[in-house]
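Notes follow once the structure below has been shown.
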Amino acid sequence: LAKTTQPISMDSYEGQEVNITCSHNNIATNDYITWYQQFPSQGPRFIIQGYKTKVTNEVASLFIPADRKSSTLSLPRVSLSDTAVYYCLVGGLYNFNKFYFGSGTKLNVKP
Amino acid sequence: SQTIHQWPATLVQPVGSPLSLECTVEGTSNPNLYWYRQAAGRGLQLLFYSVGIGQISSEVPQNLSASRPQDRQFILSSKKLLLSDSGFYLCAWKTGSETQYFGPGTRLLVL
């Protein structure tokens with residue numbers, strides 16, 4: 001299983017771009033990388049998912065280098081409402097029980 | 001579209017009392033279902049997962065049990081709650097190559 005490591009917390013200001021990195025040195029060939037956002041007292045919400053290179057959607061980008069041993073979630077122009085905990089998940093999409101969540105990164109966005 | 005429900009949203013129970021938390025999924029068939037616990041300010045701990053009716057796998061030995069009486073229903077139970085059972089309980093579902101999607105959670109406080 002790919003153990004994942006994330007920074008415990010990060011600070012940013014409104015309007016800045018934020019990059020949160022997750023390390024997963026032992027990622028398996030069929031593992032995908034998924035990022036979730038969680039607000040207090042709510043379930044984690046899916047943000048973005050990728051396998052390699054770059055994926056972009058309407059809220060974020062995900063950068064995955066060629067060796068896939070890390071991944072970076074990029075949030076453009078954050079606002080106060082982006083203050084939340086962000087989790088990375090590494091696992092095979094077709095495996096129902098082989099996955100690993102990171103411990104989460106608390107992002108504090110300041111005015 | 002698929003939706004996932006959990007109830008109750010909040011629960012306060014005395015030590016030694018029984019517990020039953022329910023999770024139901026709509027809009028999909030034969031999902032893999034998961035129960036997680038999240039202690040205050042901590043990450044996600046996988047408790048149980050199920051790949052079908054009556055099929056339960058436990059990840060962590062504990063005071064809890066799970067059952068899946070119907071395809072889209074997942075129940076978390078305890079005969080006698082402990083103080084350490086307090087936390088935020090999350091149910092999640094997954095099908096095929098999809099990632100996991102989480103419910104809104106149940107906040108349990110054992111006094």
Side-chain angles (χ1 to χ4, degrees), chain A residues 1-9 20 22-24 29-51 55 57 59-60 62 64 71 73 83-108, chain B residues 1-11 21 23 25 30-52 55-60 66 68 74 86-109:
Chain A
L1 291 179
K3 182 176 181 179
T4 58
T5 305
Q6 303 177 231
I8 294 175
S9 64
I20 305 174
C22 180
S23 297
H24 27 80
T29 301
N30 62 347
D31 283 344
Y32 278 71
I33 299 145
T34 308
W35 283 82
Y36 293 85
Q37 176 192 56
Q38 185 180 29
F39 297 112
S41 297
Q42 295 185 26
R45 182 178 72 97
F46 170 84
I47 301 174
I48 197 167
Q49 182 180 78
Y51 182 80
V55 179
N57 62 22
V59 297
L62 178 59
I64 306 168
S71 58
L73 173 71
T83 294
V85 179
Y86 293 83
Y87 291 95
C88 68
L89 164 66
V90 176
L93 291 186
Y94 291 94
N95 292 328
F96 57 85
N97 66 335
K98 295 190 185 303
F99 54 87
Y100 205 96
F101 272 98
S103 54
T105 298
K106 178 65 167 58
L107 173 64
N108 297 302
Chain B
S1 64
Q2 300 90 351
T3 56
I4 180 169
H5 305 279
Q6 289 186 245
W7 64 87
T10 306
L11 190 61
L21 303 181
C23 169
V25 182
N30 196 31
N32 296 320
L33 296 172
Y34 305 85
W35 277 114
Y36 291 85
R37 177 169 57 202
Q38 191 172 35
R42 306 296 293 274
L44 301 162
Q45 180 187 32
L46 179 62
L47 302 176
F48 301 95
Y49 66 88
S50 171
V51 299
Q55 301 179 62
I56 308 295
S57 296
S58 174
E59 288 294 304
V60 181
R68 185 170 176 175
F74 205 20
S86 293
F88 191 49
Y89 288 83
L90 289 158
C91 180
W93 68 272
K94 170 182 166 57
T95 57
S97 62
E98 294 286 336
T99 189
Q100 291 186 47
Y101 294 96
F102 287 84
T106 295
R107 175 76 59 193
L108 172 65
L109 179 60

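Here is how names work: the chains are called A, B, and so on, in the same order as the sequence lines, proteins then strands, and each is numbered from 1. This structure is a prediction, so every number in the text was calculated from the model and none was measured.
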Bottom line for A:S41: the part with an atom under 4.5 Å from chain B's heavy atoms is both
Between B:L90 and A:G43, the two heavy atoms sitting closest are CD2-CA, 3.5 Å
For the residue pair B:T99 / A:Y32, report whether a side-chain donor-acceptor contact shorter than 3.5 Å exists. no
Given A:S103, A:G104, A:P44, the one with more heavy-atom pairs under 4.5 angstrom with chain B than any other is A:P44
In short, A:Q38 meets B:F88 closest at the heavy-atom pair NE2-CE2, 4.0 Å
Parallel under 30°, tilted from 30 to 60°, perpendicular over 60°: which one fits the rings of A:F99 and B:Y36? tilted
Honestly, the part of B:L46 sitting under 4.5 Å from a heavy atom of chain A is side chain
**Mutual orientation of the aromatic rings belonging to B:Y101 and A:F46 [parallel < 30°, tilted 30-60°, perpendicular > 60°]** = tilted
Shortest non-hydrogen pair, A:F101 vs B:Q100, comes out as CE1-NE2, 4.5 Å
Okay, B:Q38 and chain A: the region with an atom under 4.5 Å from a heavy atom over there is side chain
When the 4.5 angstrom heavy-atom criterion is applied to A:Q42 and chain B, the contacting part is backbone
On a heavy-atom basis, the closest approach of B:R42 and A:Y87 is O-OH, 3.3 Å
